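A note on names: the letters A, B, ... follow the listed sequences, proteins ahead of strands, and every chain is numbered from 1. As the structure is a prediction and not an experimental result, all values here were calculated from the model.
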There are 2 protein chains.
Amino acid sequence: MPRSPTPRRRATLASLAAELKISRTTVSNAYNRPDQLSAELRERVLSTAKRLGYPGPDPVARSLRTRRAGAVGLLTTEPLNYSFSDPAALDFVAGLAESCEAAGQGLLLVAVGPNRSVSEGSAAVLAAGVDGFVVYSASDDDPYLPSVLQRQLPVVVVDQPKGVAGASWVGIDDRAAMRALAEYVIELGHREIALLTMRLDRARPPGGPGPALADTGRLRNPAFGVQAERIGGVCDAMAAAGLDPGALTIVESYDHGPASGGAAAEVALRSNANLTALMCTADVLALSAMDHLRARGIYVPGQMTVTGFDGVPEALRRGLTTVVQPSVDKGRRAGELLHLRSGVPVVEVLTTEVVRGRTAGPPA
Amino acid sequence: MPRSPTPRRRATLASLAAELKISRTTVSNAYNRPDQLSAELRERVLSTAKRLGYPGPDPVARSLRTRRAGAVGLLTTEPLNYSFSDPAALDFVAGLAESCEAAGQGLLLVAVGPNRSVSEGSAAVLAAGVDGFVVYSASDDDPYLPSVLQRQLPVVVVDQPKGVAGASWVGIDDRAAMRALAEYVIELGHREIALLTMRLDRARPPGGPGPALADTGRLRNPAFGVQAERIGGVCDAMAAAGLDPGALTIVESYDHGPASGGAAAEVALRSNANLTALMCTADVLALSAMDHLRARGIYVPGQMTVTGFDGVPEALRRGLTTVVQPSVDKGRRAGELLHLRSGVPVVEVLTTEVVRGRTAGPPA
DNA sequence: TTGAAAGCGCTAACAC
DNA sequence: GTGTTAGCGCTTTCAA
């Protein structure tokens with residue numbers, strides 16, 4: 001079965017030039033600088049290319065020569081379906097993708113995840129053909145961060161960890177935002193408050209897979225700064241109101257599935273039957289908690305106040321009282337900082353807004 | 001401000017070798033073949049590398065030399081947040097990412113979207129440093145497909161278009177699956193049926209942005225084969241039951257936002273007040289339609305039967321009668337076929353299952 | 001165990 | 001408008 005002009009060896013720019021008896025430069029120009037040669041010659045080059053099955057300049061070779069990979073690497077802590085199951089994370093990626101697209105850059109999802117060992121993951125980071133990295137919401141002790149830094153490429157950290165030397169940072173003031181929300185809850189009259197958080201540390205807590213009362217050790221030294229900040233914000237508000245932050249019931253949800261919030265709410269309720277408010281560090285947690293409360297016949301906000309964090313569409317639709325943060329902008333901004341490649345690390349704090357929905361009211 | 005050993009010029013493998021007065025081969029081996037040199041020497045190489053700030057072999061140069069980019073390109077028709085807003089698409093990407101990860105390959109989201117012109121998008125495809133492409137659910141006349149093919153790399157098409165020469169294909173038998181579902185609906189006694197579809201063509205329909213009764217022209221020659229197949233499946237079932245497929249009310253939803261299904265349902269109801277069943281070519285459409293019906297006080301399934309397609313988690317949770325397709329597997333399989341790089345195009349049809357939920361019943 | 005030589009395919013200076 | 005030259009940084013025979 002003769003397959004049309006398939007030379008045994010793939011055509012290259014050089015072979016095309018030889019065929020046409022012109023220089024490689026001219027062929028290169030035909031692709032990259034159309035104005036540098038006559039239209040006829042260019043046409044002749046392009047048509048010969050088609051005839052020879054030359055696919056155009058090899059991207060890798062070009063990258064080597066120009067020192068630009070044309071892509072941005074995205075490092076996420078969690079496996080993809082996991083991290084993207086949170087609409088806020090998805091919005092972030094969408095924003096990042098948008099800015100990459102506008103800059104003509106690809107977005108490389110670096111193959112790091114639970115299927116591979118840390119050394120394999122590091123190898124993937126070291127082997128990524130990119131011009132810079134975006135690190136999304138990693139723990140302070142993320143095992144891949146050192147490899148990213150080793151590359152000596154521009155890095156933008158989103159959300160956490162804060163203070164990575166030489167890297168830009170984009171995020172929000174989690175502590176202040178959460179404090180503002182907590183102040184509102186306290187103002188409503190709540191005194192018995194529980195806080196449902198996402199994981200505080202990379203290491204699994206001892207007590208099994210489900211949500212559990214947060215371990216003091218984990219609370220004291222959380223690897224995920226964002227959670228720590230949000231907890232801190234609630235404590236700040238309590239302290240400012242003359243309440244004892246130590247009385248706050250904190251439940252950590254290590255794995256986040258669609259029902260984690262409900263399970264965490266259950267743990268909180270069991271731990272303290274007098275609770276009147278459930279504050280959550282993520283909307284997905286709050287929404288799930290609300291579902292659970294409804295199933296248990298606990299009315300929101302009449303019997304229980306529930307708040308979230310993020311401002312994902314479903315939360316706003318359902319009237320959740322929450323902090324809205326600009327997730328898409330975060331992604332966009334992160335990309336822009338990378339594409340700027342000014343070299344100077346930038347810290348950018350985006351604004352948030354407390355949205356008073358229909359899920360917070362005075363305690364019964 | 002003296003920044004630690006920052007040579008004016010970035011260290012390279014060659015400069016490291018020169019510094020150590022050993023050959024480049026040996027340095028290369030220190031990174032790639034630890035067994036090819038003594039542990040001490042390797043240690044010396046690595047520590048000198050650290051001292052000089054050498055980040056390890058340049059990925060791009062290595063790719064040029066080894067002829068392997070170490071990444072797979074993913075071409076999606078829709079902008080990211082758009083295509084990922086469908087959980088089925090997200091599952092697909094998760095599956096693909098998983099197989100890439102297992103193969104140690106990165107996943108490059110190619111910068112193609114509405115922010116860039118077609119020629120810019122094509123340039124991005126031509127410039128992507130990848131070893132192969134996955135094309136996800138593109139239209140028959142997708143403007144980037146030719147560029148993908150031009151690259152002469154392994155290609156796996158997912159869902160549509162079918163029959164791309166030289167490319168593998170992974171998908172399901174949409175027609176048979178939809179037919180089976182329609183047979184069930186007809187069997188229940190439904191005669192007045194509407195079908196709500198996703199977009200049938202890349203070009204916007206004339207009648208404005210919202211869902212509209214499908215244009216005959218678009219129906220006759222849909223650019224999105226999957227929709228065509230699913231429509232065909234319903235028609236097959238009707239014809240087999242002695243019904244006139246021409247009586248089917250078809251509403252096309254060009255843009256899909258979270259409320260599109262409801263809007264489409266409204267169009268269908270207005271067009272035919274006697275409808276007793278709303279079949280949808282996607283769960284997201286069906287779920288939104290159900291919300292709309294509830295808001296209108298139309299009881300499902302008592303007054304209206306609703307069916308979906310895909311089997312996304314929320315649909316199953318809500319008891320939607322639908323076709324479950326293995327979206328994650330689709331992604332995984334697509335990746336595997338690419339990593340196989342056998343060269344021989346493969347066609348792989350995954351199995352589906354009709355799930356009889358709580359949203360289909362006999363007509364009132 | 002190490003080294004020398006030979007490119008991978010391309011583009012950027014610079015000359016003509 | 002076109003060609004010549006010189007690498008980009010690396011790996012891979014092959015030979016020592």
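When every heavy atom of A:Pro55 is checked against every heavy atom of A:Ala11, the shortest pair comes out as CD-O, 4.5 Å. Here the shortest heavy-atom pairing between A:Val125 and A:Phe133 reads O-CZ, 3.7 Å. What you find for B:Pro143 and B:Ser122 is that their closest heavy atoms are O-OG, 4.3 Å.
For B:Ile22 and D:dA16, the CD1 to P distance is 21 Å, given to the nearest whole Å. One atom, OH of B:Tyr31, and another, C1' of D:dG9, lie 13 Å apart when rounded to the nearest Å. Whole-Å rounding puts the A:Arg151 CZ to D:dG9 P distance at 13 Å.
Atom NZ in A:Lys330 sits 3.5 Å away from atom CG in A:Asp159 (nearest 0.5 Å).
Between A:Thr12 and A:Asp58 there is no side-chain heavy-atom pair separated by less than 4.5 Å. Within the 4.5 Å cutoff, the side chain of B:Leu149 has no heavy atoms near those of the B:Gln152 side chain.
Side-chain N or O atoms of A:Asp131 include one that pairs as donor or acceptor with a backbone N or O of A:Ala69 at under 3.5 Å. Side-chain N or O atoms of B:Ser28 include none that pairs as donor or acceptor with a backbone N or O of B:Arg24 at under 3.5 Å.
A salt bridge links B:Arg332 and B:Glu98; the closest N-O separation between the charged side-chain nitrogens and carboxylate oxygens is under 4.0 Å.
Take the nearest nucleotide of DNA chain C for B:Leu64 and for B:Thr26: the residue whose nucleotide is more 5' is B:Thr26.
The residue B:Leu37 sits close only to the backbone: its heavy atoms come under 4.0 Å of sugar-phosphate atoms, none of a base.
Comparing the axis of the opening five pairs of the helix from C:dT1-D:dA16 to C:dC16-D:dG1 with that of the closing five pairs yields an angle of 30°, rounded to 10°.
DNA chain D lies under 4.0 Å from no heavy atom of any residue of residues 38-47 of chain B.
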Any chance you could list the contact pattern along nucleotides 10-16 of chain C? Use B for base contacts, S for sugar-phosphate-only contacts and - for none, protein heavy atoms under 4.0 Å, 5' to 3'.
BBBB---

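Between B:Tyr31 and B:Tyr54, the distance from one ring center to the other falls under 6.0 angstrom.
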Apply side-chain contact (heavy atoms from CB on, under 4.5 Å) to B:Val130 and B:Val72, showing your working.
CA-CA 5 Å; B:Val130 298; B:Val72 163; 5.8 Å; no

